[in-house]
2 protein chains.
Amino acid sequence: MSKKTINFKEQLKNSNYKLTGQRQAIMDVLIENSSKHLSADEIYKILSEKNTGIGIATVYRTLSMFEKLKFVTRINLDDGCIRYQVSDFQAEHEHHHLICESCGCIQDIKDDQLEVLEKKVLAENGFHVYNHKVKLYGLCNKCYKG
Amino acid sequence: MSKKTINFKEQLKNSNYKLTGQRQAIMDVLIENSSKHLSADEIYKILSEKNTGIGIATVYRTLSMFEKLKFVTRINLDDGCIRYQVSDFQAEHEHHHLICESCGCIQDIKDDQLEVLEKKVLAENGFHVYNHKVKLYGLCNKCYKG
DNA sequence: CTTAGTGCAAAACATTTGCAAACCA
DNA sequence: TGGTTTGCAAATGTTTTGCACTAAG
């Protein structure tokens, strides 16, 4: 059993949520696809192929709860749906996303490098930053060369 | 007539779009509210109050066209709709947004400060950045003190 | 047992589209 | 005048909700 799974079960209990087969199954799909960014519908389709009889409403309700508990983070790629990814429990902030405008691929980068910006924002605007969402648009290595 | 209005009319013509009353009215609303971030529905309601008989479909079609011509930029605040703001024609990139998680206010900041990050991304990932969307979440000056 | 959680179908919501009428160039 | 653009209403696609049933603790 992975560290994430243990964490998941304990935190559910601590938050007075029941551990159901559906919640477990949805978390499994998220962990199996942790490098991807899945929509509710994509998760639903994967669950359907596995012949769990989980309904789409449960997927939405579960993802919403997972987000509240910070098990997942949402990313909005402006493609008409919200996408989810298991959180990096070690990370303090969310990671950045590199979005290629040619092939649509998405790379995650851990590195932060926003200290300078956040300090400036505090000094000049009096705004205290606790989290950030950074999307960088451009061309990936392959598309730039090709 | 403001610089933006001139720019708007000329660019419409150059792109082979007609200057209609509706497009003018929508641009007016956007310019009058340039510090805000309006949704299609909010723009539609403002237009309705002004007794232009503009339909919601026209608002969507126009905003979509305005975005293609870079007259407006979208921002997604994860509140169920896409929001729009007139572009800063001087700016090379989009400005950053400071989003207060207590009162929901949004401050725009022009300053970039992403050169270090973007250089690092190029060096380490071979990714060429052309634009970015940065949202910083936290507490504004008022809410932090209060 | 008891109440949270589920599946289903219907509803809600933002957005898009087809089409006949209206309008800009 | 002719091709764009528009308003309307219907359609779409995602997400939410009401409700009776099921299952975790």
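Labels below follow one simple rule: chain letters A, B, ... track the order of the sequence lines, proteins then strands, and each chain is numbered from 1.
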For B:I54, which contact category applies under a 4.0 Å heavy-atom criterion: base, sugar-phosphate, or nothing? sugar-phosphate
Protein-nucleotide distance (A:R74, atom CZ; D:dT14, atom P), rounded to Å: 15 Å
Integer-rounded Å distance: C:dA25 C1' and B:Q24 CD: 16 Å
Quick one: closest heavy-atom pair of B:R74 and B:E94, and the distance? O-OE1, 4.2 Å
Considering only side-chain heavy atoms of A:R61, which listed nucleotide, D:dG25, D:dT15, D:dC19, is closest? D:dC19
Are A:D108 and A:H97 linked by a side-chain donor-acceptor pair shorter than 3.5 Å? yes
Rounded to whole Å, the CG-C1' distance (A:L12 to C:dG5) equals 12 Å
In terms of side-chain heavy atoms of B:T62, which of D:dT6, C:dG7, D:dT4 is nearest? D:dT6
Charged N to carboxylate O below 4.0 Å: is that the case for A:K119 and A:E124? no
Given D:dG7, is OP1 or OP2 found less than 4.0 Å from the side-chain N or O atoms of B:Q22? yes
What is the separation between atom CD1 on A:I56 and atom C1' on C:dA12, rounded to the nearest whole Å? 16 Å
What's the CG-P distance between A:N51 and C:dG7, to the nearest Å? 14 Å
Starting from the 5' end of DNA chain C, give me the residue, A:A57 or B:S39, whose nearest nucleotide shows up first. A:A57
Taking any heavy-atom pair under 4.0 Å as a contact, classify B:L19: base, sugar-phosphate, or nothing. sugar-phosphate
Of the listed D:dG7, D:dG25, C:dT16, the closest approach to the B:Y60 side chain comes from C:dT16
If you measure only the distance, is there a donor-acceptor pair under 3.5 Å linking the side chains of A:H128 and B:N141? no
At under 4.0 Å between heavy atoms, what does B:G53 touch on the DNA or RNA strands: base, sugar-phosphate, or nothing? sugar-phosphate
Contact class for A:R23 vs. all strands (heavy atom < 4.0 Å): base, sugar-phosphate, or nothing? sugar-phosphate
To the nearest angstrom, how far is A:N76 atom CG from D:dT15 atom P? 9 Å
Nearest-Å distance, CE (B:M65) to P (C:dT15)? 18 Å
Nearest to side-chain heavy atoms of A:T58, which nucleotide of D:dT5, C:dT6, C:dG18: C:dT6
Could you please spell out the steps behind the salt bridge (charged side-chain N to carboxylate O under 4.0 Å, His left out) verdict for B:E42 and B:K36? CA-CA 11 Å; B:E42 284 167 353; B:K36 292 182 197 150; over 6 Å; no
Considering only side-chain heavy atoms of A:T20, which listed nucleotide, D:dA24, D:dT15, D:dT4, is closest? D:dA24
Quick check for you: among D:dT15, C:dG7, C:dG5, whose closest atom lies nearest to any side-chain atom of A:I82? D:dT15
Rounded to whole Å, please give me the gap between CD in B:E42 and P in C:dC13. 15 Å
